[in-house]
Structure formats: C-alpha cells, structure tokens
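First up is the structure itself, then whatever we jot down about it.
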Amino acid sequence: MCRQSKRTHKHVEISDCKLRKMWADTLLIVFISICTALLGEGLTWLMVYRTEKYQKLKAEVERQSKRLEKRKEAHGDSLDKQHKKKIEREEERLKNNNRDLSLVKMKSMFAIGFAFTALLSMFNSIFDGRVVARLPFLPITWIQGLSHRNLPGDDYQECSFIFLYILCTMSIRQNIQKLLGFAPSRAASKQGTSLFGPTPGQFK
C-alpha cells in the first residue's frame, strides 16, 4: 500500500505513490530511449555505415571539409577573384557529396522508420493516459497538444509519454552517435552548416 500523504504544488496534490510511479515511468522511458537509439544505430550500421559507398563518400566529405576550412582560415576575408572561384567550386563539390551521403542514408531510414513507428505505437498504447513526468516549465501553447497528449485535466506541466520520449531520443541519440564514432567531424559539421547559409555566389 502507498502512503497517501499529500504534497501540494500549485494547487495540484500528488501522492507519494503517484510520485514513485511517475519516477519509475520516467526512468523506464529513458531506458527505452537508450535501447531504441542503440537499435537504430545498429540497424543503420548494418544497412549504411559499413557499406563501401558510404565510407568512400564520408571520407571524401571529411577531406573536402578540412581542406576548405584551412583555405578559408588561411585567406580570411582578403580573397582575390581566383581564390573566390576555387572556394566556390569546392563548396559546390562538397554540397553535392553531402547530398549523395544523405541519399545513401535515406534509403535505410524508410525501413528503420517503419520499424520504429510500430514500436512507438506499442509503447504509446502502454503509456496512454499516464502522467510520466512533471515538467519544470509550462510549455508554449502550440507544444501543449503534444506534451499533454491524451492526459486528463488541464495541468499542462504534466508530461505525456510521447513528449518525454522525443526529448530523450533527441539528446541520447546524438551522444550515442558521438560515442560510437558515427557523428560527423567538427570540420564536416561546420562546413555542412555553412552550406545551408550563404550560397556559393556570396563572394561575388
């Protein structure tokens, strides 16, 4: 039996039993997020990372990114017309290789996405209507539909399974990719980000 001593927080009474159950659900969802992230990376390794095509494209992107970064650092803003043209051509090649790399990964993402949709549907039905955590903030209005999904009442600091799972997966998967060496290098990330900013014609 759970002791029914009450704690009041902003006019919401939560029993010790409910708190313990909530913590248990939170830890279980973090564990599920870790397991699904590991499963996702394992499947991606089987279908993408270990293939020769992916490894060649990744090595080429890394090499081009480092070379482009060194050139930009060496010349800074004082670029003559010839160097500008060279950098533009290298950026265009890097953009094409990044696009090819994304296409190689995309093929496996459909299969993995289908499997994870089935898993997510199963977990969603298990935790449906259960408060799995209490948020330390009040979500903005357009997020409340997700953070409070299928929960009774109008206390929008109460968190649903799907919202907590998404938050955990977003943070955990990135760290697992870094830990396993699947994340792009600093140079590739930097150049990849800049490619979606100014276009190659920025130096004209």
Side-chain angles (χ1 to χ4, degrees), residues 1-51 54 58 101-184 189 192-193:
M1 290 289 293
C2 295
R3 187 164 53 90
Q4 294 296 318
S5 65
K6 304 289 184 178
R7 297 176 184 176
T8 303
H9 179 68
K10 292 184 179 180
H11 310 295
V12 178
E13 292 186 342
I14 304 173
S15 68
D16 289 342
C17 177
K18 189 176 179 181
L19 281 171
R20 285 197 294 271
K21 190 174 180 181
M22 191 186 297
W23 272 108
D25 284 344
T26 300
L27 293 173
L28 179 59
I29 292 167
V30 171
F31 178 72
I32 289 170
S33 300
I34 293 170
C35 290
T36 52
L38 285 169
L39 177 62
E41 290 306 305
L43 289 172
T44 308
W45 179 82
L46 282 171
M47 300 174 73
V48 179
Y49 295 152
R50 68 173 184 163
T51 62
Y54 176 84
K58 185 183 177 186
L101 201 60
S102 297
L103 287 173
V104 169
K105 292 176 74 174
M106 197 179 294
K107 291 175 184 177
S108 71
M109 292 301 107
F110 288 111
I112 294 169
F114 182 77
F116 273 73
T117 301
L119 280 173
L120 192 58
S121 177
M122 180 186 72
F123 289 128
N124 213 19
S125 64
I126 292 171
F127 290 97
D128 188 47
R130 280 163 62 175
V131 178
V132 298
R134 185 169 179 81
L135 300 172
F137 58 90
L138 184 66
I140 55 179
T141 306
W142 59 273
I143 290 181
Q144 288 174 4
L146 185 64
S147 66
H148 199 68
R149 185 178 177 183
N150 293 341
L151 296 182
D154 56 359
D155 182 2
Y156 292 104
Q157 282 187 273
E158 291 182 342
C159 181
S160 65
F161 160 77
I162 188 67
F163 188 66
L164 182 60
Y165 176 79
I166 289 170
L167 288 179
C168 290
T169 302
M170 285 172 63
S171 56
I172 289 168
R173 190 163 188 183
Q174 287 182 349
N175 288 310
I176 285 176
Q177 285 177 338
K178 289 177 183 178
L179 188 65
L180 298 176
F182 295 153
S189 297
T193 303

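We're numbering straight along the sequence, starting at 1.
- Judged purely by atom type and a 3.5 angstrom limit, Gln157 has no side-chain atom pairing as donor or acceptor with the backbone of Arg134.
- The shortest non-hydrogen separation linking Pro139 to Leu135 is CG-CD1, 3.5 Å.
- The minimum heavy-atom distance linking Leu151 with Cys159 is given by the pair CD1-C, 3.7 Å.
- Residue Phe163 holds its CZ atom at 6.5 Å from CG of Leu146, rounded to the nearest 0.5 Å.
- Between Val30 and Ile172 the shortest heavy-atom distance is O-CD1, 4.0 Å.
- The CH2 atom of Trp23 lies 14.0 Å from the CG atom of Leu28; values are rounded to the nearest 0.5 Å.
- If you take CD1 on Ile166 and OG on Ser171, they are separated by 12.0 Å, rounding to the nearest 0.5 Å.
- Within the 3.5 Å criterion, the main-chain N or O of Met22 finds a donor-acceptor partner in the side chain of Thr26.
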For this session: Give the C-alpha distance, both sets of side-chain angles, the deciding distance and a yes or no for side-chain contact (heavy atoms from CB on, under 4.5 Å) between Cys35 and Leu39.
Result: CA-CA 6 Å; Cys35 290; Leu39 177 62; over 6 Å; no

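- Across all non-hydrogen atoms, the minimal contact from Ile176 to Ile34 is CD1-O, 4.1 Å.
- Of all the heavy atoms in Ile112 and Gly40, the pair that sits closest is CD1-O, 4.1 Å.
- Between His148 and Gly153, the shortest heavy-atom contact is NE2-O, 3.0 Å.
- By the 4.5 Å heavy-atom criterion applied to side chains, Thr44 and Met109 are counted as neighbours.
- Atom NZ of Lys18 sits about 11.5 Å away from atom CG of Asp25, to the nearest 0.5 Å.
- Note on ring orientation: taking the six-membered ring where Trp is involved, the planes of Phe161 and Phe127 are parallel (angle under 30°, cut-offs 30° and 60°).
- Between the CG atom in Leu38 and the CG atom in Leu180 there is a gap of 7.0 Å [rounded to 0.5 Å].
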For this session: Report the C-alpha separation of Phe123 and Ile29 in whole Å, then their side-chain angles, then the decisive distance to 0.1 Å, and conclude whether the side-chain contact (heavy atoms from CB on, under 4.5 Å) test is met.
Result: CA-CA 9 Å; Phe123 289 128; Ile29 292 167; over 6 Å; no

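- Note: Gln144 CD to Leu138 CG = 5.5 Å, rounded to the nearest 0.5 Å.
- Ser125 places a side-chain N or O within 3.5 Å of a backbone atom of Met122 that can act as its donor or acceptor partner.
- Within 6.0 Å of CZ in Phe114 there are 12 or fewer heavy atoms belonging to other residues, nucleotides or ligands.
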For this session: Apply side-chain contact (heavy atoms from CB on, under 4.5 Å) to Tyr49 and Lys58, showing your working.
Result: CA-CA 9 Å; Tyr49 295 152; Lys58 185 183 177 186; over 6 Å; no

